[in-house]
Structure formats: structure tokens, C-alpha cells
Engineer: 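Have a look at the structure that comes next, please.
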Amino acid sequence: MRKLLLILSFAVACLSYGNAQTTRHASHMVPTGKGWGVQAPEGMAPPNVQPRTVTTGNGINYHGGPVMSGNPVNVYFIWYGNWINGPKPSDSQATVNLINALFGGSGGIGNSGYFKINTTYGDSTHNVSGNISVAGSTTDSYSQGKRLRDSGVKAVVSNAISSGRLPNSTNGVYFVLTSSDVRETSGFCSQYCGWHTHATILSSDIKYAFVGNPDRCPSACEMQTVSPNGDSGADGMASIMAHESEEAATDPDLNAWYDTSGQENADKCAWKFGPTTGSIGNGAYNETFGTHHWLIQMNWENSRGGGCDQTLGGTFYNQ
Ligand SMILES: [Zn+2]
């Protein structure tokens with residue numbers, strides 16, 4: 001997902017660094033998983049495959065690849081760095097607990113009206129379930145150092161699976177979650193706040209994502225520092241992780257659902273929240289799951305003409 005800079009105020013929420021979108025008007029764009037599209041490689045014709053289980057014509061297109069089939073879709077967390085007593089207050093067990101609650105089996109994002117927006121996406125055999133849940137977690141104490149390249153993120157995932165600390169599952173999304181003292185050198189805090197992709201790891205098509213502690217760069221990756229759960233890092237991560245998880249669920253191999261600019265479902269609603277309870281910057285929230293309030297960016301509903309909403313079947317909002 002693209003990052004944003006809150007240079008002036010939340011009103012300029014969509015301002016972002018970089019010029020990675022300079023080819024956005026090219027004829028055939030494909031997603032990178034980082035929030036912007038790139039021109040398709042030469043000879044890669046736009047496929048014309050229609051899903052059996054969902055309709056099209058809602059501002060986002062199907063390209064023939066699979067969606068995630070799990071019910072729930074499993075997520076695995078790799079807490080990288082120091083999540084006990086790192087340099088920021090949010091590099092802590094309290095943050096870990098909040099994120100676990102968000103992806104907990106009940107009282108979390110799974111089966112919420114929000115996550116059920118993803119049930120409007122399918123492939124030739126089934127739709128996304130609308131449920132998501134954490135199925136396992138592990139830690140990694142800087143095995144690849146404090147400067148991670150994209151290849152280092154992949155190595156963290158590979159090591160967690162090969163060591164047996166996490167299972168080898170093609171139905172899961174592995175999140176590498178870095179404490180605030182870790183750099184992701186391909187552009188965390190300057191080009192994006194998180195991303196998702198896939199790779200062949202140990203002979204399996206493994207889907208994985210990177211999300212850093214946004215307290216490393218609050219102006220770039222957090223909508224507000226006074227946040228609903230009193231933990232700016234966790235609250236910032238919640239919105240970014242929701243974004244990446246719904247993209248991974250509907251476009252796990254970067255060849256299923258995205259629009260003509262290469263934007264996946266959540267990209268089309270990045271940093272758009274709709275109406276909130278309370279004002280942005282002062283602990284505002286727009287979602288409640290279980291006992292927690294969250295400020296989580298909306299997602300693109302693939303029905304009714306398409307639009308960003310807070311819950312399946314809800315009102316469409318443009319900001
Ligand atoms: Zn994205």
C-alpha cells in the first residue's frame with residue numbers, strides 16, 4: 001500500500017511520495033503489491049477470464065488467478081526485531097496483544113461486515129470467505145539485521161517455515177512485522193507502509209506481507225497519533241494490515257483482482273475512512289470489532305457498481 005504524508009493536515013491524506021505511478025495510464029497495468037501498478041511485461045496479454053461466482057463491471061477487473069480459499073483465511077505473524085521493549089513504547093507486548101485481538105477468532109476483523117466486503121471477490125470455483133484469523137505466530141530477533149531488503153523479508157518467512165516455527169501453508173498469509181528500529185530499504189516510510197506478494201518458498205506458493213511499526217514514521221504511515229486504543233503503533237498497523245490482508249485474500253498471486261491502473265481492492269480506498277466517531281487526530285474510529293474501536297481504511301466493494309465502504313452493503317464514500 002502506498003504511504004501518505006500528513007504534511008499539511010489529514011485533508012491531504014492522499015499525497016504520497018515518489019513517482020512510481022508515472023506509467024499509470026499505460027494500456028495494461030499489473031499490481032506490484034506495494035500499492036501502485038506497473039506496465040505488464042512484454043508479451044503478457046491481458047487475460048480475459050470471467051469468474052463464475054461473482055460479477056464484474058464494478059471498477060475492478062478479474063484476471064484469471066485464484067483468490068484465497070480458506071475459511072477462515074489464515075494469517076501467521078512473524079514478530080521481527082524487538083517487540084518486548086524496543087525503542088518506541090509501541091514496540092511492546094501490548095501492541096502484539098492488540099494486533100492478535102484484531103485478528104482473533106471472535107471479536108476481531110474476521111466475519112465482520114468490513115471483512116465480508118471481500119466476499120464480493122471470487123475465482124472460477126469459490127468466493128473469498130469473509131473470515132480471517134491468526135493461526136500461528138513466532139518471533140525473529142534480527143536474523144537478517146536491522147536493514148531488511150525485500151529479499152530479507154522473504155528470508156525471514158522462509159526461515160520461519162523451514163525451521164518448523166510456522167507451518168508450510170498455501171492457504172495462509174505470512175506477515176513480517178518489524179519493530180520501529182528496523183528499516184525496509186525498498187521504501188518503508190517513503191514509498192509504502194506495507195506490501196504483500198508471493199513467492200515459491202520450500203516448493204510452495206507462499207503468500208506473505210511486510211508491515212513495519214508505523215511509529216517509525218508517524219507522519220507518513222499513521223492517520224492519527226492519538227488513537228482509539230491509546231497505542232499509535234498498533235492502531236496504525238491495524239489499518240495497514242487490514243489493507244494488506246484483504247488484498248492478499250483477493251489477489252494473492254497478483255493475478256486475480258485489480259483495476260486498469262494495477263490497483264488492488266484496498267488500494268482503491270487507501271487512506272479513505274468514511275465518517276468517523278470523533279474527529280481524526282483525536283482518537284477517531286470508524287469500526288468496532290468486539291471490545292475494540294479501530295480507525296481502518298475502507299475497502300472496495302465489488303458490487304452495486306463498486307465503491308469504498310465500511311461494511312458489506314453499506315454506503316459508499318469517497319473520502
Ligand atoms: Zn495495497
Side-chain angles (χ1 to χ4, degrees), residues 1 31-35 65-83 95-96 98-105 108-110 115 118 128-129 131-145 148-179 182 184-186 188 192-214 234 237-256 264 266:
M1 91 186 270
T32 59
K34 287 178 173 167
V67 299
M68 294 290 279
S69 59
N71 184 6
V73 171
N74 289 325
V75 291
Y76 299 97
F77 296 154
I78 304 169
W79 296 95
Y80 186 91
N82 183 352
W83 287 96
T95 297
V96 172
L98 278 165
I99 297 302
N100 283 335
L102 178 64
F103 287 91
I109 197 171
F115 207 78
N118 298 299
V128 174
S129 73
N131 196 7
I132 189 167
S133 182
V134 61
S137 300
T138 189
T139 57
D140 182 322
S141 183
Y142 305 105
S143 70
Q144 310 297 313
L148 289 179
R149 297 181 179 192
D150 289 0
S151 58
V153 174
K154 180 182 175 184
V156 169
V157 175
S158 180
N159 291 345
I161 296 171
S162 64
S163 67
R165 287 177 291 133
L166 292 177
N168 183 332
S169 172
T170 58
N171 283 325
V173 184
Y174 297 76
F175 276 90
V176 176
L177 305 165
T178 56
S179 53
V182 176
E184 213 290 21
T185 58
S186 72
F188 177 48
Y192 57 76
C193 302
W195 50 261
H196 78 100
T197 191
H198 76 117
T200 300
I201 295 175
L202 300 168
S203 302
S204 297
D205 180 38
I206 297 295
K207 295 81 177 177
Y208 63 101
F210 164 86
V211 177
N213 185 339
M237 287 175 76
S239 187
I240 299 161
M241 291 177 70
H243 175 117
E244 302 304 335
S245 64
E246 55 212 9
E247 290 180 346
T250 58
D251 196 30
D253 293 323
L254 311 182
N255 62 1
E264 299 170 302

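Start at 1 with the first residue, then count along the sequence. Only this structure's heavy atoms are used, side chains among them; waters, hydrogens and symmetry mates stay out. Just so it is clear, the model here is predicted, and its values are computed rather than measured.
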Engineer: If every non-hydrogen atom of S129 is compared with every non-hydrogen atom of G70, which pair is closest and at what distance?
Structural biologist: OG-O, 3.1 Å

Engineer: Is E264 reaching over with its side chain to a backbone N or O of A266, donor-acceptor style, under 3.5 angstrom?
Structural biologist: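 No: the side chain of E264 does not pair with the backbone of A266.
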
Engineer: Atom CG in N131, atom CG in N118: separation rounded to 0.5 Å?
Structural biologist: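 Going from the CG atom of N131 to the CG atom of N118 covers 11.0 Å.
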
Engineer: Can you tell me how far apart CG (L177) and CG (D140) are? Round to the nearest 0.5 Å.
Structural biologist: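 Output value for this atom pair is 11.5 Å.
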
Engineer: For the atom pair OH (Y76) and CG (L166), what is the distance rounded to the nearest 0.5 Å?
Structural biologist: 7.5 Å

Engineer: Would you sort out whether F188 and V182 count as a side chain to side chain contact (heavy atoms under 4.5 Å, CB included), showing the intermediate values?
Structural biologist: CA-CA 10 Å; F188 177 48; V182 176; over 6 Å; no

Engineer: With a 3.5 Å distance limit and no angle check, can you tell me whether W195 reaches the backbone of D150 through a side-chain donor-acceptor pair?
Structural biologist: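 Between the backbone of D150 and the side chain of W195 there is no qualifying donor-acceptor contact (under 3.5 Å).
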
Engineer: Does the side chain of N255 come within less than 4.5 Å of P66's, by heavy atoms?
Structural biologist: yes

Engineer: Checking Y142 against S179 for the side chain to side chain contact (heavy atoms under 4.5 Å, CB included) test, could you report, in this order, the C-alpha distance in whole Å, the side-chain angles of both residues, the deciding distance, and whether it holds?
Structural biologist: CA-CA 10 Å; Y142 305 105; S179 53; 3.9 Å; yes

Engineer: Give me each pair satisfying side-chain hydrogen bond (donor to acceptor under 3.5 Å, both in side chains) with a member in residues 163-177, each pair once, sequence neighbours excluded.
Structural biologist: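 For residues 163-177: S69-N171, T138-R165, S163-R165, N168-S204.
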
Engineer: Does any non-hydrogen side-chain atom of L254 lie less than 4.5 Å from one of H196?
Structural biologist: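 Yes - at least one pair of side-chain heavy atoms lies under 4.5 Å apart.
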
Engineer: Would you name the heavy atoms of A199 and K154 that are closest together and state the gap between them?
Structural biologist: CB-CE, 3.9 Å

Engineer: Any side-chain donor paired with an acceptor under 3.5 Å for Y80 and Q144?
Structural biologist: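 The answer is no; no qualifying pair exists.
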
Engineer: Check for a donor-acceptor pair, side chain of S245 on one end and backbone N or O of M241 on the other, with a separation under 3.5 Å.
Structural biologist: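 Flag set: sc S245 to bb M241 pair under 3.5 Å.
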
Engineer: Run the side chain to side chain contact (heavy atoms under 4.5 Å, CB included) test on H243 and C193 for me, step by step, so that the C-alpha distance in whole Å, both residues' side-chain angles and the decisive distance to 0.1 Å come before the verdict.
Structural biologist: CA-CA 10 Å; H243 175 117; C193 302; over 6 Å; no

Engineer: At what distance, to the nearest 0.5 angstrom, does OG1 of T197 lie from OH of Y208?
Structural biologist: 5.5 Å

Engineer: Begin with the C-alpha distance, continue with both residues' side-chain angles, and end with the deciding distance and a verdict on side chain to side chain contact (heavy atoms under 4.5 Å, CB included) for I99 and W79.
Structural biologist: CA-CA 11 Å; I99 297 302; W79 296 95; 3.8 Å; yes

Engineer: Minimum heavy-atom separation for E247 to G33, with atom names?
Structural biologist: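 Scanning both residues, the minimum pair turns out to be OE1-O, 4.4 Å.
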
Engineer: Closest approach of A249 and V67, non-hydrogen atoms and distance?
Structural biologist: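 For A249 versus V67, the nearest heavy atoms are O-CB, 3.6 Å.
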
Engineer: For the atom pair CD (E184) and OG1 (T178), what is the distance rounded to the nearest 0.5 Å?
Structural biologist: 8.0 Å

Engineer: Indicate the atoms forming the closest heavy-atom contact of M237 with T95, along with that distance.
Structural biologist: SD-CG2, 4.2 Å

Engineer: To the closest 0.5 Å, what do you measure between NE2 (H198) and CG (D251)?
Structural biologist: 9.0 Å

Engineer: List the residues meeting ring pair (Phe, Tyr, Trp, His ring centres under 6.0 Å) with F103, not counting sequence neighbours, and say none if there are none.
Structural biologist: F77

Engineer: Quick one: closest heavy-atom pair of G65 and A256, and the distance?
Structural biologist: O-CB, 3.6 Å

